[in-house]
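Lettering of chains follows the sequences in order, A, B, ..., and the numbering in each one begins at 1.
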Number of protein chains: 2
Amino acid sequence: MSNHKNIKPTESELEILAILWEKGPATVRDIHEVLEQRKDAGYTTTLKLMQIMLEKGLVDRDTSNKTHVYRATVSQKDTQQQLLSKMIDTVFNGSASQLVLQALGNRHSSAAELDAIKAYLDEMEKKSK
Amino acid sequence: MSNHKNIKPTESELEILAILWEKGPATVRDIHEVLEQRKDAGYTTTLKLMQIMLEKGLVDRDTSNKTHVYRATVSQKDTQQQLLSKMIDTVFNGSASQLVLQALGNRHSSAAELDAIKAYLDEMEKKSK
DNA sequence: ATTTGACTACGAAAATATTCGTAAATACAT
DNA sequence: ATGTATTTACGAATATTTTCGTAGTCAAAT
């Protein structure tokens, strides 16, 4: 029952969220240093983006120190779910399993990962009986 | 080795592509009638979008009759792959299997679909030996 | 031949997203 | 205290996407 709000981050916002999810709470500079490695954007661009994300409620921040610390307010899982759902609907004809096969097909997954998926499938079938 | 180009349709373009993939070649009116059911956009809006898609090479068209017939030039599969890849990278920490579990979790898939996935996994494991 | 209706072309407005420059605030070192 | 470096705030320029109005074309019906 987690979350009913529509999470719709833009492309750039998603990149920032991803970093926040991975590293946990971080400053603008932290984020910017990561982004800098793949794109070239100015520092204030990152800052502005994060301020906009604050307005939208995608993040909040601790302003008790001069250098603010930002934190994602939307969970990675909810966001994943949201985006997946949309993608399945629009690009995979509404079929989750079609997406699954496609995802497994063109990526390498370790044997352990595959086993985990199989175990999960077994679990589902058991429950559905 | 189908396709090296970067397919990056916008949100609206993707909706149109989805319809073209499903119905095959279609006129602007065909597309618009489908879109009309979920959003309210004017006819010329759809037309303009499709003209832009033509410029970008996402579609081509048969102009031998007055009413042009559009056809997707990018395949559904290539587009799926492209979008999936990006999504896995940015939202699923690079792990395809993480995406798979998430996709299976919150959607209903039929027993037959699940079996198909399992069969596929078995196939992969066999080959990797 | 004229009207009517459906179509395309196209420019441009409106909405949204991205980028950046500049100013003000703060902390720290000299 | 003054200078330096780092930060935030914020307006505004730019770029991109979406929307639509208007004009012109064509074919079929009157």
query = B:N93 and B:S95: side-chain donor and acceptor closer than 3.5 Å?
reply = no
side-chain N/O [X] vs [N] OP1/OP2, d < 4.0 Å:
| X | N | value |
| --- | --- | --- |
| B:R61 | C:dC7 | no |
| A:R29 | D:dT6 | no |
| B:Q51 | C:dT8 | no |

So [X], base contact, sugar-phosphate only, or nothing? Heavy-atom distance under 4.0 Å.
| X | value |
| --- | --- |
| A:T44 | base |
| A:T45 | base |
| B:E13 | nothing |

task = Between A:K56 and B:V69, just flag the one whose closest nucleotide in DNA chain C comes earlier from the 5' side.
result =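 Here B:V69 is the residue nearer the 5' end.
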query = Among B:I16, B:L49, B:L17, whose side chain to side chain contact (heavy atoms under 4.5 Å, CB included) with B:I31 holds?
reply = B:I16
Residue [X], side-chain heavy atoms: nucleotide from [options] that is nearest:
| X | options | value |
| --- | --- | --- |
| A:T67 | C:dT8, C:dT18, D:dT7 | D:dT7 |
| B:A41 | D:dC20, D:dT8, D:dC10 | D:dC20 |
| A:T10 | C:dC7, C:dA12, C:dT18 | C:dT18 |

ask   = Is A:K48 side chain donor-acceptor paired with the C:dT18 base, going by distance under 3.5 Å alone?
value =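 It does not, because no donor-acceptor pair links the side chain of A:K48 to the base of C:dT18 below 3.5 Å.
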query = Can you check whether A:L104 reaches A:I117 side chain to side chain, under 4.5 Å on heavy atoms?
reply = yes
ask   = Starting at the 5' end of DNA chain D and moving along, which residue's nearest nucleotide shows up first, B:L49 or A:V28?
value =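 The residue whose closest nucleotide sits nearer the 5' end is A:V28.
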